[in-house]
Amino acid sequence: MQAFYYLIFPGFLFAAVVGLLTTWLDRKVTARVHYRVGPPWFQSFADVMKLMGKEVILPENARKTGFLLAPIIALAASTLVATMLGLANYLNQGFVGDIIVFWYFLAVPSIMIIIGSASAGTPLSAVGSSREMKLLLGYEVPFIIVLAMVIFRADSLSLGGIIEHQIESGPILYSLSGVIGFIVALLCVQAKLGLVPFDAPEAETELGGGAFYDYSGAALGGFKLSKAILFYSLPIFLITLFWGGVQIGGGLGILWALLKYILIVALITVIRNTNPRLRIDQAVKFFWGWMTILAVIAFILRVKGL
Amino acid sequence: MGLKTAALKKSIWVFHVACSPCNNCDIEILDLLTPRFDVERFGIVLVGSPRHADALLITGVANTHVTPRLIETYRATAKPCVCFLFGACASHGNFFRGSYNVPRRIDEIIREEDPNAIIVYIPGCPPKPEAMIAGVVKALSVL
Amino acid sequence: MEQAQVKTEERRVIINLDRCIGCSSCRVACSRTHQTDMNLTQAFAEPVAAFPAHCRHCENPACAAACPKDAILKCEDGIVRRFAFRCIGCKSCSIACPFGAIQPEHMRNIIMKCDLCYKRLDEGQLPACVTTCVSGALSFEDPEKVIDGNLAGARIKAKPGMRRW
Amino acid sequence: MKKTILPIGPFHPLLEEPEFFTFHLDGETVIDVDVRIGYNHRGHEKLATGLTWDQVPFLVERICGICSTSHPYAYVLAVEDMLGIEPPPRGKYIRSLIGEMERIHSHLLWLGLAGHFIGYNTVWMWAWRYREEILDACELLSGNRNHYAMCRVGGARRDVSQKALDFTMKALDTNEKSTKMFLGAVADDPVIHKRLKGVGILTKEDAIAYCATGPTSRPSGVRWDIRETDPYDAYGESLEAGAWKVIVTENGDVFDKAVVRVLETLESIYLCRWLIENMPDGDFQVVPGEMHEGEGCGHHEAPRGEVFHYVRSDGSNKPIRHKVRAPTFSNLPTYKASCPGEQIADVALITAAIDPCYCCTERVGVIAGGKHSSLTQDDLVKLSVEKTMEIEKRMGVKSVLNKFK
Amino acid sequence: MTDEQKYAVSEIVKSALGGMVVSIDQPRPNRIYVLVDQKDFPAAAKVVYEQLGGRLATSTALEVRDAVELIYHFMLETEMVLCNLKTLVMKPELKVGSVGAFLPGADWIEREMAEMYGVTFEGHPDPRHLLLPDGWPEGNYPMRKDFPQQPGTESGETKPVVY
Ligand code: SF4
Ligand code: SF4
Ligand code: SF4
Ligand code: SF4
Ligand code: SF4
Ligand code: SF4
Ligand code: SF4
Ligand code: SF4
């Protein structure tokens, strides 16, 4: 049963399929904004499938272990994240460990990108790596404050506890501190996903793929897949934290959950299409400045009971 | 046809290598991205790193300045990869064949680097964007 | 058939206009044989008929003389061929040809031109258009022997269809 | 000192021609500029001496894909100057028409790229969409989208049909509307004003000293336009008939360069219309007579400035010398005058305003206080975009993007 | 500008250049060809640029029997005449004073002529390679007639007979 959870539902397979579909949705909407038709629905699957079948080039100066292990660990960590979320949300099962562990696992893919690209040993990757590191440092600060806000509010450290609290006393989003926290968390998610305006680490036009510049074939596919899984889990995570989680109760429950999910994905896509890329120091300033202040305000409001 | 090939056919990532073209081929390639042609419909995406590419779109002739760059780029591309020699310049040398600054043809350079390279020639000066799409389709039919 | 005796360069595709019904099968066959190139140009005798305008593979081809890039050459076997990689799509040849037998290929921005199906000839087959013609209007013969007034241009004022500019 | 070089490119999808810039910086300010070209050198002038007179137009057409009719145009003018041939009027009008169509499509292309440079990708997509219509018209007129092959010693290479002319007329009408919309968007937008005005000023004196031509010199108040000062083909008649006028502005900054280009597009549209309406009937080419010894110069006002060709013949069927000067060759050095003292974020813009052909390989070495690192063209573009955003923010304007909806 | 006025321009040029003119020719109303001596050349160019207001369109070098001929094409915009200033730079020294020294617009073109023909421009502010790669062998001037590689040589796909 455990293996089923991890590999099929709600773990790897389910998360990957939904994640890739979400990626496609994102690309399609972007294309429509540009007055283009956009890719067909299976595009993301084809991309990943193709990458899996391609040769992996090892750059000359690469440290092999780090370079090759990074995508695998990133994939494993994001699968874990998806599974934990799914268990808590759909199957009402708790798991050992709490939101702190969860937060830690969320950071792992980014750290793996840093390690992987740093061990590639080429200048472009190194720049991408350092940018990713700065970005990680940037967005984790407000993110953890918001998390703390949610934890205080729900008086529980586990995902299940947070969901239960929201079932009892309404979603956290429906309060002032909740709204502010949600906005901050959404932007952090945007950065975690590496989307415009926070895509400096893998800027296609400047760094030619940046952190992923030297990755090719299956290794790149691993990263893409892990990104896709994150693209699925992070919106779900936001729903869990702020919007009462996903309960697969009656028929309407599923629809409502789907609506919430699509809304958040749409928000992310809109943000990505209406903004230019921020320079990395601007992004860090943005997170440490405005976002942190907002997060602290949310926290104070929460303490005041708003 | 395996799943791998099927997937490859649906998702071609191309990388644009401008050797020393007259710009026209490059403009036509850019045209591919704009609303009229929109190659993303077919899963064709321009990427920024040769390592991600499945296909190299090579335009122009290889003059002495860019020849080493071309070889470098070809080496950096993950195989299997298809080289599209876009335009009369790349496929044959156009008028510039025999010029003092154009020592060798591009396909010669690539063949020297890798005798098994898959090379697709798209003649025309410049080939129309449709020709590039058609060229990709033809190349896929032999994969 | 008698292709063993006659050398390639002495035979051409001859069209008997009395028989041609304008069905365009020959063009389809030409196009199929050459992947996408539609080598055979259509001529119009307005308003009566449309019929194929075959390349005559001239003795002294005007198209080759006009080509700035030597993309059309008369080869050793007598066939006037176009070399796709050299062609730059300037369409000078199309203007130069007195028979309107050259038509631009609109997709690749080069021209295309009848090559007398030289690959099929090497295999001992007749050109594709000749084998396909439903009414027997096309034949593959030595023109010297069949000049009896059937040739295109001798009877109808041909108006090349593809010269749009 | 640690030296970091970013091997960006060498091949990048959005940019075209390779050049290599070295900028000497003091903080954020540019002190000196050096350009290294030659990545695209293919030896045209030598090749031309190996081709016959009628082959050369096709060769020079391939100097450049954007001003692809300008070079053959200047070449045939040079040969006609040498031989003393006067082409028939219809041939002249056809050549001028193609030349102007090229100017429209080239300026639209530039407008799109400039939009991309200041961060408005929508401008790029839209400009290129309108450009497609012009290309369609060109294809119908000449048979080709880009390399038109319409110029021939002694007239036009082929005739144009009435159908093609009618289609062109329609394309011009739609294009006039969209160009006017662009003009409105550019001239009235406060953000664009802030962003472009006073940036990269090329003074009148510098423009004269560097012998800049075309839309690089005219915004600086230098009224140099070959179509006016050495009229050829249909330009003299049309100017007298008042079909178009030379656009000259005074400031020489990037804003003026943009405005001059948009206004010129409009003038070209009017001129094209006039040419189509007054297209004479009759023959469109004469057969040039015997080649004889001599020399001739021809110049044509290309979209980017004057294209100059010089030919020398010894009476044989090949030129013994054929000199080509593309406009960018004399416009590019004006960097040296217009860049120093500017912010590094504006350099991309200034270079874009000259409209050279950028490329991927182009890297900018930043030499600041002994530390050596590399900035790419893209970094410049990014800096440029950021500055636009900053100004937008400061002015409290939402985004110019909405304008184009 | 009528043709008569244009023909009068050659007189203006002649008087401005004074004794430096070796020969002057105006085959067509809008083209003037002036030949000056090698040693007077930069001075003559200066006169055309500063006194006559010529805009340097470009300059051409070409190889004649025992010299390299330089032609500086000045456009006299107000007179609407193209004034071509010629000189012969004698082999084997191939040395001439630089115009780029006082006219920045001539900077690049002189660099190009220097690398293509091996002409030395004395006093040029920035005598480096312009178009050719930096490692180009010394004394190898591609536009000279004795340059080994001939243009236009083709190795065709099939052996064609050219009728
Ligand atoms: S093939 Fe033609 S259009 Fe393409 S780069 Fe070469 S000359 Fe230019
Ligand atoms: S010949 Fe064939 S392809 Fe052509 S119209 Fe008839 S059925 Fe269609
Ligand atoms: S294309 Fe025309 S000119 Fe050329 S060989 Fe055929 S018939 Fe003769
Ligand atoms: S279109 Fe091609 S074959 Fe015809 S003249 Fe031009 S280059 Fe030669
Ligand atoms: S009628 Fe005779 S001369 Fe005239 S084009 Fe036909 S074959 Fe040639
Ligand atoms: S002989 Fe062959 S190539 Fe020529 S028209 Fe017939 S089918 Fe086409
Ligand atoms: S197939 Fe025969 S009958 Fe039909 S158009 Fe061709 S020549 Fe005429
Ligand atoms: S400036 Fe030069 S390279 Fe650029 S488009 Fe014009 S002629 Fe071509």
Side-chain angles (χ1 to χ4, degrees), chain D residues 34-51 55 59 81-82 84 206-213 217 222-226 228-232 294-299 306-312 318 320-326 329-330 332-334 336-337, chain E residues 1 6 27-31 33 49 53-64 69 71 73-84 86 100 102-109 111-113 115-116 126 128-134 136 142-145 147 149-154:
Chain D
D34 185 31
V35 192
R36 181 84 176 82
I37 58 172
Y39 288 85
N40 227 347
H41 181 65
R42 284 165 292 175
H44 272 96
E45 293 179 9
K46 182 88 170 178
L47 285 169
T49 60
L51 297 174
Q55 279 177 313
L59 170 71
D81 176 40
M82 176 171 76
D206 279 335
I208 292 173
Y210 280 94
C211 302
T213 62
S217 72
V222 185
R223 195 187 171 93
W224 283 347
D225 191 326
I226 306 300
E228 184 193 39
T229 56
D230 192 7
Y232 50 95
E295 58 190 339
C297 310
H299 41 190
E306 180 204 33
V307 167
F308 188 96
H309 282 233
Y310 170 84
V311 289
R312 164 85 59 103
K318 289 173 183 175
I320 57 167
R321 180 77 171 97
H322 176 208
K323 169 76 199 168
V324 180
R325 207 281 328 259
F329 195 90
S330 59
L332 207 55
T334 59
K336 285 195 182 147
Chain E
M1 283 275 162
K6 285 184 185 171
R28 282 164 296 280
N30 52 359
R31 302 280 187 270
Y33 295 91
Y49 167 59
R55 171 177 64 83
L56 181 66
T58 190
S59 51
T60 309
L62 70 127
E63 206 177 3
V64 288
E69 186 175 340
I71 310 169
H73 311 278
F74 283 97
M75 182 71 199
L76 309 181
E77 299 276 353
T78 39
E79 289 86 4
M80 297 164 80
V81 169
L82 190 71
C83 171
N84 302 285
K86 290 185 180 182
F102 58 86
L103 178 54
D107 175 351
W108 276 23
I109 184 66
R111 279 165 72 181
E112 185 190 320
M113 289 191 289
E115 68 182 353
M116 293 294 169
D126 184 18
R128 289 176 300 155
H129 272 308
L130 180 71
L131 294 171
L132 297 176
D134 287 325
W136 191 262
M143 291 297 288
R144 291 257 198 107
K145 290 216 173 64
F147 187 73
Q149 203 175 349
Q150 278 307 308
T153 47
E154 296 236 354

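It should be emphasised that the depicted structure is a prediction, and the values quoted were computed from it without experimental measurement.
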Check your understanding: Taking only residues two or more places apart in sequence or in another chain, which ones pass ring-ring contact (aromatic ring centres under 6.0 Å, His included) with E/Y33?
Key -> none

Point to revise | Leading residue by heavy atom contact count with chain E [cutoff under 4.5 Å; candidates D/I208, D/T229, D/I226] | key: D/T229

Check your understanding: Is any side-chain heavy atom of D/D230 closer than 4.5 Å to a side-chain heavy atom of E/R31?
Key -> yes

Review point. Sequence neighbours excluded, which residues qualify as ring-ring contact (aromatic ring centres under 6.0 Å, His included) partners of D/Y310?
Key: E/H73

Review point. Looking at E/E63 and D/R321, does any basic side-chain N land under 4.0 Å from a carboxylate oxygen?
Key: no

Check your understanding: For D/D81, is it the side chain, the backbone, both, or neither that has a heavy atom closer than 4.5 Å to a heavy atom of chain E?
Key -> both

Review point. What part of D/E295 gets closer than 4.5 Å to chain E, counting heavy atoms only: side chain, backbone, both or neither?
Key: both

Check your understanding: Is the D/H309-D/H299 ring centre distance short of 6.0 angstrom?
Key -> no

Review point. Among E/D107, E/N84, E/L56, which has the most heavy-atom pairs under 4.5 Å with chain D?
Key: E/L56

Practice item. Answer with side chain, backbone, both or neither: which region of E/L76 has an atom nearer than 4.5 Å to a non-hydrogen atom of chain D? Key: neither

Study note, to complete from the structure: Applying a strict 4.5 Å limit to non-hydrogen atoms, the region of E/L82 in contact with chain D is side chain

